Number of protein chains: 2
Amino acid sequence: MQLSQSEENYIKAIYALSEETGKEISTNDLAEKMATKASSVTDMLKKLTDKDLLKYKKYQGCTLTKNGREIALAIVRKHRLWEVFLVEKLQFGWDEVHAIAEQLEHIQSNQLTNKLEAFLGFPKVDPHGDPIPNINGEFDPSPKRVLLSKCEKGNKGIVMGVEDGEPSFLQYLNKIGFKLGLNIKVEDRLSFDGSLIIEMDGKTLQFSHLVASKIAIQLID
Amino acid sequence: MQLSQSEENYIKAIYALSEETGKEISTNDLAEKMATKASSVTDMLKKLTDKDLLKYKKYQGCTLTKNGREIALAIVRKHRLWEVFLVEKLQFGWDEVHAIAEQLEHIQSNQLTNKLEAFLGFPKVDPHGDPIPNINGEFDPSPKRVLLSKCEKGNKGIVMGVEDGEPSFLQYLNKIGFKLGLNIKVEDRLSFDGSLIIEMDGKTLQFSHLVASKIAIQLID
DNA sequence: TTTAAAATTTAGATATGTCTAAAAAATAAT
DNA sequence: ATTATTTTTTAGACATATCTAAATTTTAAA
């Protein structure tokens, strides 16, 4: 089935919200994610329901069907593979690739996606540490990740992922030398605003709760 | 200015027809090229005229403005660079890349185009021998090409280009071992249907006028 | 449990890109 | 120079994806 770019973006957004919440996605939440109005969302939910890509009952929110989930994973796969290409082959920074990958993820050709994957050496994660589903939509098993914002004083770990999408956030990480794979330690946690004092690469940094919630680590020791 | 995919496709089609004929492009010719109706074309011509991408007088056909030509060349540049990428890096055949490049040519990012060009080593021609404009829309000077269909008995030359777009034509060329760079000689020309007897790589082949009109050579001797 | 607030849907409007059918203009033929 | 034919344009319609404003349903509050 041939989907429009707009339909694909809805499917992707519903998938992303489902991953976060595990629950049914409300019209309003989806409208906010898509930067559009609830009434537009309702129309699209009906259309995608007719195409058997999601289950939707009036006033009850929606969830993806198996078909819908497969399509979402195919888009995520393309997005992340293209990000790897842009960073590894074209020397883009990790803060520059999201908007371009948002366009490239809609290119239709399974052969292209699979050849690109092979050309890149079957990468398992994108430049932000997000896992790349294989041709069957499956993720490799990987160590458990924890949001830095959930960590306690004394916790140590390795940086596994950072949130993709906001260039200014990633540029800030560049500025302080923050990269995937670094060892970090939570020196302290300020209870009143949830901000964290971090030791990394010999430097001491302070992260707001918001920043810490955009960083995932693998706990060690 | 941000153009829709449809607008870009019209600009590209007008550019291609202008290259062929050198004259103003008629509504009907454009409708045929775009596989649409004359009435749809008229609407689009008005819109593109308002955007100063072409000059158009009712019943008089249209030509691109400087702006329009620049956009056309940028699209052609992207199309051909992506074709090189698909063939050189992803191991696609020259018969498989046109449809994918038709999608990729609409990706918006000058930085992407320029980095891709560098990654590919600043190629001057695409896999079908079509020249690639540089960042300023300029073509490198190149030897004069002649359509094989215009050649006479006894002419010799090197294959410089083949028409892009129809997979079955390119697959036919694959089957007979026809490649860019080969030396060929016109052994004979059948006057009643314009078909040619060709010597190439020790083999003798017969090309219909239609096939010969899709092949460009550089004459030698 | 009735009312108030929030969330969601419906109805009607707009813009894009397309179509068909009919009208108008340009070109060719007699 | 009329007439006939072809080309092109206009007018009106449709589908998609969006919006605003109003109506409806659900949820929360009194």
Side-chain angles (χ1 to χ4, degrees), chain A residues 1-15 17-18 20-21 23-64 68 71-72 75 102-103 105-106 108, chain B residues 1-15 17-18 20-21 23-64 68 71-72 75 102-103 105-106 108:
Chain A
M1 191 185 356
Q2 171 80 302
L3 297 184
S4 74
Q5 208 151 306
S6 183
E7 289 171 320
E8 290 196 346
N9 285 335
Y10 272 93
I11 295 286
K12 188 173 61 136
I14 295 165
Y15 174 79
L17 290 173
S18 296
E20 280 176 35
T21 68
K23 295 198 296 258
E24 319 223 290
I25 306 309
S26 79
T27 303
N28 262 6
D29 287 355
L30 190 47
E32 183 174 13
K33 182 97 173 176
M34 296 292 296
T36 184
K37 297 301 159 72
S39 57
S40 307
V41 170
T42 301
D43 287 348
M44 185 59 88
L45 293 184
K46 287 178 186 167
K47 196 184 345 170
L48 294 176
T49 300
D50 288 345
K51 297 190 177 185
D52 190 35
L53 300 177
L54 45 86
K55 276 200 311 233
Y56 159 68
K57 291 277 196 188
K58 282 208 285 191
Y59 298 100
Q60 309 289 129
C62 69
T63 55
L64 291 176
I71 288 171
I75 299 169
E102 293 256 278
Q103 298 179 67
E105 73 192 4
H106 299 291
Q108 310 263 201
Chain B
M1 190 186 356
Q2 172 79 303
L3 297 184
S4 74
Q5 207 151 307
S6 184
E7 289 171 320
E8 290 196 345
N9 285 335
Y10 273 94
I11 295 286
K12 189 174 59 139
I14 294 165
Y15 174 79
L17 290 173
S18 296
E20 279 176 36
T21 68
K23 295 198 295 258
E24 319 224 292
I25 306 309
S26 78
T27 302
N28 263 6
D29 287 355
L30 190 47
E32 182 175 13
K33 181 98 173 175
M34 296 292 297
T36 185
K37 297 301 158 72
S39 57
S40 307
V41 170
T42 301
D43 288 346
M44 185 58 89
L45 293 183
K46 287 177 185 167
K47 197 186 343 173
L48 294 175
T49 300
D50 288 345
K51 297 190 177 185
D52 189 37
L53 300 177
L54 45 86
K55 276 200 313 230
Y56 157 70
K57 292 276 196 189
K58 282 206 286 189
Y59 299 100
Q60 308 289 130
C62 68
T63 55
L64 291 176
I71 289 172
I75 299 169
E102 293 256 278
Q103 298 179 65
E105 74 191 3
H106 298 293
Q108 309 264 199

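Everything numeric in this text was worked out from a predicted model, so none of it was measured. Values reported hereafter were calculated over all heavy atoms of this structure, with side chains retained and with hydrogens, waters and symmetry mates removed. All chains are named by letter (A, B, ...) in the order of the sequence lines, taking the proteins before the strands, and each is independently numbered beginning at 1.
- Scanning residues 23-33 of chain A for heavy-atom distances under 4.0 Å to DNA chain C yields A:S26, A:T27, A:N28.
- For the pair A:E105 and A:E8, the minimum side-chain heavy-atom distance is 4.5 Å or more.
- Applying the side-chain contact (heavy atoms from CB on, under 4.5 Å) criterion to A:K23, with sequence neighbours excluded, gives A:T21.
- Partners of B:D52 by side-chain contact (heavy atoms from CB on, under 4.5 Å), not counting sequence neighbours, listed by chain and number: B:T65, B:N67.
- With sequence neighbours left out, A:T36 forms a side-chain contact (heavy atoms from CB on, under 4.5 Å) with A:Y10, A:M34, A:S40, A:V41.
- Spacing between atom NZ of A:K46 and atom C1' of D:dT18 amounts to 14 Å, rounded to whole angstrom units.
- Scanning for salt bridge (Lys or Arg N to Asp or Glu O under 4.0 Å) contacts around A:E24 gives an empty result, with sequence neighbours left out.
- The distance from atom CD of A:E7 to atom P of D:dA15 is 15 Å, rounded to the nearest whole Å.
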Exercise for review: At under 4.0 Å between heavy atoms, which parts of nucleotides 18-26 of chain C does protein reach? Answer with one letter per nucleotide, 5' to 3': B base, S sugar-phosphate only, - none.
Suggested key: BBB---BSS
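- With sequence neighbours excluded, no residue forms a side-chain hydrogen bond (donor to acceptor under 3.5 Å, both in side chains) with A:K55.
- Remark: B:Q103 pairs with A:I107, A:Q108 by the side-chain contact (heavy atoms from CB on, under 4.5 Å) rule, at least two apart or across chains.
- Applying the side-chain hydrogen bond (donor to acceptor under 3.5 Å, both in side chains) test to B:N28 and every residue at least two apart in sequence or in another chain returns nothing.
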